[in-house]
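The figures that follow rest on heavy atoms only: side chains count, while hydrogens, waters and symmetry mates do not.
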Amino acid sequence: MAPVGSMLWRSLRVWQVYGANTEVGKTVLTTTLCKAARNRYQDEVTAYLKPVSTGPLDEADSHHIQKYAQGVSHATLHQYDLAISPHAAARGKLQLVPSDKGLLESIYAHAAKTAANSPGWLFIETAGGVHSPGPSGASQAELYKPLRCPVVLIGDPKLGGISLTISAFESLKIRGYDVEAILLFREDQYNNWEYLTEYFKEHYNIPVYTVSPPPARDAVSAETDAQAMKEYYKEASRLPVMHDILKHLDSKHKGRITRLESMATTAHEKIWYPFTQQKLVTPASITAIDSANADFFQTLVPQGSRDDSKSSTPLLQPSFDGSASWWTQGLGHGSTSLTLAAAYAAGRYGHVMFAEAVHEPALALAETLLGGMANPRLTRVFYSDDGSTGVEVAVKMGLRAARVRYGWPAGDKLGIIGLKGGYHGDTIGAMDCAEPSAFNEKVEWYEGKGMWFDTPSIKCVNGKWVIEIPEELRGHMKNDGFDFDTLSDVFDIEQREKQGSHEAYEKYIEETLQSHLAKGRKFGAVLLEPVVLGAGGMILADPLFQRALVNVVRRSADLFGVARDDVSSSDKLGWTGLPIIFDEVFTGLYRLGRFSASSFLNIDADISVHAKLLTGGLVPLCTTLASESILRAFESDDKTDALLHGHSYTAHPVGCNVATESLRQMQAMERNGDWDWAKSGGWSTSTAKDVVADDCRVWSIWSSGFIDWLSRHPAVAGAWALGSVLAIHLHAPDGSGYTSNVAASLRDALRTNASDRDEAPWNIHSRVLGNVLYCMGGQRSTGQDIRELENVLRRALDKQ
């Protein structure tokens, strides 16, 4: 895979030169910079790189450098003879058109070679303006973003140049570029430099440097013209302003490195980390992230892993984001479309209060979500800020609906029916919905309010998909477990029900509920994570058991109480028994390959909670979807009967607009078949019948062959993959569960250099849940990248 890294070396200052437009003097000013650096730093390397050049070879920019900046190393990677936009110049020369990744790799390789001869400078000059297309047609602002080079922006001194310069700056800024200096000609006709100097100082504290323009070209004598330019460069390169700008760029380069290298130590002293035993944290265990793009962080290479005696040693390396940044990342880090969606909403609204008001982003998101869920029960959307609070909203809804229907006094204690291993968030209310565990039992206010079934779970073991039956359920089963040839067979719930496989589950569930209710306990809702129990240990639950639980509850209204309200039998969309809440914070919105994880169970929830992938990992936002029958429980002339719950940033326009764009893109990817490469990877076959129905079809970006290999590995107790999620359950001599340390060594091994070839280092940043190491791709991950990750995991496991 050899992902492209950001370019940062200690002694090579790499700067990318962008122009606000064409014909702004970008090459002239870059030549002046190169010549000034060569004059001032005579013992160092000064280099110039033009990744893509168009026009006749004798007029190429690197030829200009050669002619007027002797001693400066120069190179052009791709030269096209037509003096037009690179994408147009490359048209018809497909064999000469590099891929975007290929172009980035060649730039990185050239810079690394230059770094081997450093200390020094490397100026990389782009073509045309900020958004001028590269050879593939991609905007240069997008194309070069993964390199994360700091920028010198050449401003436009012409009429209209103020607007173009500011627009170019904003285009770069919104994509995460560090524009550290503005350089332009000091034209007297329009005096753009005066306005731009004040503007960038006031708004961004960025210095603007100016030099006089070169003499007008002598159209008669090329020799006279060349001599005039030589004199111009000689004088301009020795101006104090050029000394100032080089000093400023050098200071910025050193400051960036100093800050990066001190971040871990400073953070160790000032930050309290989540889900971390602070006593065990050291500066060496803290990862300093410089930037992120697509599926990768760009992280500081730890001092113990790099040879600082070599000037060619890079300071940054790509780190695959194996936890999808705690399950939020879907469309890739730094997605410009999501960034622009956020910027638009921020610029149009900022944040506006939401009680009894509406704005387009909130309404559009509600319509998109309800339409995508295709659940006829769900008609209302309640906004909150994260998954944990969204679950608390759902629990408030469910408990109130049950209390009103059954006429229970407000002071009665109502519990939740859920699953062991389920976990729904870290706020106190959501925490109380989970069984006692390492997450909550030492929290002073924790009071588990519910009963939790031990659920059958699924793993691939020795090439078979095995349903493991928990101890308390085995007395109701004919076997201690079942095995299937494919995961699609496991999820073929209809076929399994025809075979009567659900009957033992339902009998056990009914008897267990009756036992608890006979003791006087009251329950107000069922709360489940459909299919996958995430924080509880990446448990792939048997969908037939979850479906059986919902079916038993819904048909057993008399089991829970005597209804006070008139529940019409014709209201097929109203809840019965108890409200069913699906916590899809982790499992929903294509994380498992489908818009809603509820479709795996063929169950329509009464309340559904969605977050994480909702905004593609950009900003916090949560939605709790509910039915009209749930809403009716809060209807009253008394305001205190309302759902008195809210957040200061309820339905904030930025989050809603980003979420709508995120969902729109993922729905388009599904329609366009962007995941067909994964669906055809051996996941869709079934031995039970020739054709697999859509409602039981399962697939993963992780190949079925890789899962089979994992399942047979001596260190692995079982593995599974679904959608973008991979879970590896390791044998745990120290006991399975969250407190196990058995997966830590595998995690640490993945953080070393993942490459087995002589190339730039990269690694995998992952998280563990006790004896489980999980890894997630994004919704835009490619098959090539995932196959390479599989190879890295194979090598790491074989070394355990």
Sub-3.5 Å donor-acceptor pair from the side chain of E392 to the main-chain atoms of A430, do we have one?
yes
Say whether, by atom type as modelled, one donor and one acceptor occur between the side chain of S599 and the main chain of S596 under 3.5 angstrom.
yes
Heavy atoms from other residues, nucleotides or ligands near NZ of K252 exceed 12 (cutoff 6.0 Å):
no
Contact between L365 and L621 at the side-chain level, heavy atoms closer than 4.5 Å - yes or no?
yes
Can a side-chain donor-acceptor contact be found between H765 and S323 if the only test is distance below 3.5 angstrom?
no
Inspect the surroundings of CG in D638 and state if more than 12 heavy atoms from other residues, nucleotides or ligands are less than 6.0 Å away.
yes
The reported gap from SG in C775 to CZ in R747 (rounded to nearest 0.5 angstrom) is 13.5 Å
Between Y344 and N657, the two heavy atoms sitting closest are CD2-ND2, 3.6 Å
Short N-O contact, R377 and D604, less than 4.0 angstrom
no
Quick check, are the ring centers of F275 and W326 under 6.0 angstrom apart?
yes
I'd like to know whether T587 forms a side-chain hydrogen bond (donor to acceptor under 3.5 Å, both in side chains) with E529, so could you lay out the CA-CA distance, the side-chain angles of the two residues, the decisive distance to 0.1 Å, and finally the verdict.
CA-CA 7 Å; T587 61; E529 296 169 85; over 6 Å; no
Value rounded to 0.5 Å, distance of CG in D321 from OG1 in T328
7.5 Å
Check whether any side-chain heavy atom of V698 sits under 4.5 Å from a side-chain heavy atom of F600, and report yes or no.
yes
Would a line drawn from the ring center of Y383 to the ring center of Y649 be shorter than 6.0 Å?
no
Taking the six-membered ring for Trp, are H333 and F297 parallel (under 30°), tilted (30 to 60°) or perpendicular (over 60°)?
tilted
Quick one: do E661 and R664 satisfy salt bridge (charged side-chain N to carboxylate O under 4.0 Å, His left out)? Show the steps, please.
CA-CA 5 Å; E661 176 63 18; R664 183 193 68 79; 2.6 Å; yes
Show your working on side-chain contact (heavy atoms from CB on, under 4.5 Å) between L316 and L260 and close with a plain yes or no.
CA-CA 10 Å; L316 296 175; L260 265 175; 4.1 Å; yes
Going by heavy atoms in the side chains, are I416 and F523 under 4.5 Å from each other?
no
Using a strict threshold of under 4.0 Å (side-chain N to carboxylate O), is an ion pair present between E584 and R594?
no
Minimum heavy-atom distance F296-P318, with the two atoms named:
CD2-CB, 3.8 Å
On a heavy-atom basis, which atom in H645 and which in T389 lie closest, and how many Å separate them?
NE2-O, 4.4 Å
Trace of the side-chain contact (heavy atoms from CB on, under 4.5 Å) decision for Y446 with D432
CA-CA 6 Å; Y446 169 71; D432 282 353; 3.3 Å; yes
Minimum heavy-atom separation for V130 to Q140, with atom names?
O-CB, 3.6 Å
Report the C-alpha separation of Y144 and Y177 in whole Å, then their side-chain angles, then the decisive distance to 0.1 Å, and conclude whether the ring pair (Phe, Tyr, Trp, His ring centres under 6.0 Å) test is met.
CA-CA 10 Å; Y144 296 128; Y177 285 89; 8.6 Å; no
Would you name the heavy atoms of C622 and V609 that are closest together and state the gap between them?
SG-CG1, 3.6 Å
How many angstroms lie between atom OG1 of T660 and atom CD of Q665, to the nearest 0.5 angstrom?
11.5 Å
Taking the side chain as everything from C-beta on, heavy atoms only, tell me whether L726 gets closer than 4.5 Å to W702.
yes
Donor on one side chain, acceptor on other, S608 and H610, under 3.5 Å
yes
Are side-chain heavy atoms of K145 and N293 found at a separation under 4.5 Å?
yes
Starting at CD1 of I764, measure out to CG of D295 and round the result to the nearest 0.5 Å.
11.5 Å
Main-chain N/O of L164 paired to S167 side chain as donor or acceptor, under 3.5 Å
no
Would you check if the side chain of T379 reaches a backbone N or O of S627 as a donor-acceptor pair within less than 3.5 Å?
no
With distance as the sole test, does R591 use its side chain to make a donor-acceptor pair with the main-chain N or O of W327 at under 3.5 Å?
yes
CA sep, side-chain torsions, deciding dist, call: D785, S781, side-chain hydrogen bond (donor to acceptor under 3.5 Å, both in side chains):
CA-CA 7 Å; D785 285 352; S781 297; over 6 Å; no
In terms of relative ring orientation, are Y590 and W675 parallel, tilted or perpendicular, with 30° and 60° separating the classes?
tilted
Among side-chain atoms of N763 and S319, is any donor-acceptor pair under 3.5 angstrom?
yes
Flag, side chain of S6 to backbone of P146, donor-acceptor distance under 3.5 Å
yes
Do L614 and L369 have side chains that approach each other closer than 4.5 Å (heavy atoms only, starting at C-beta)?
yes
Apply salt bridge (charged side-chain N to carboxylate O under 4.0 Å, His left out) to the pair R148 and D178, showing each step before the final yes or no.
CA-CA 8 Å; R148 292 295 177 193; D178 292 322; over 6 Å; no
Separation between CG of N375 and CZ of F582, rounded to the nearest 0.5 Å
9.0 Å
V654 versus H351: any side-chain heavy-atom pair under 4.5 Å?
no
Side-chain donor/acceptor of T624 to backbone N/O of G390, under 3.5 Å:
yes
Would the distance check show the side chain of T427 and the main-chain N or O of G429 forming a donor-acceptor pair, the cut-off being under 3.5 Å?
no
Assess whether atom OH of Y199 is packed by more than 12 heavy atoms of other residues, nucleotides or ligands within 6.0 Å.
yes
Give the C-alpha distance, both sets of side-chain angles, the deciding distance and a yes or no for salt bridge (charged side-chain N to carboxylate O under 4.0 Å, His left out) between E447 and K413.
CA-CA 11 Å; E447 183 183 348; K413 287 188 175 182; 3.3 Å; yes
Ring of W575, cation from R405 - is the NZ or CZ under 6.0 Å from the centre and inside 45° of the axis?
yes
Backbone N/O of A364 and side chain of T368: donor-acceptor pair under 3.5 Å
yes
Let's go through Q298 and S291 carefully: what are the C-alpha distance in whole Å and the side-chain angles of both, what is the deciding distance for side-chain hydrogen bond (donor to acceptor under 3.5 Å, both in side chains) to 0.1 Å, and is it a yes or a no?
CA-CA 5 Å; Q298 297 292 334; S291 64; 5.6 Å; no
Between H647 and S384, does any side-chain donor sit less than 3.5 Å from a side-chain acceptor?
no
Is the gap between the ring centers of F354 and H359 under 6.0 Å?
yes
With a 4.5 Å cut-off on side-chain heavy atoms, are Y349 and H652 touching?
no
Is a donor on one side and an acceptor on the other found under 3.5 Å between the side chain of D674 and the backbone of R780?
no
Which value, rounded to the nearest 0.5 Å, describes the distance between D606 atom CG and L378 atom CG?
8.0 Å
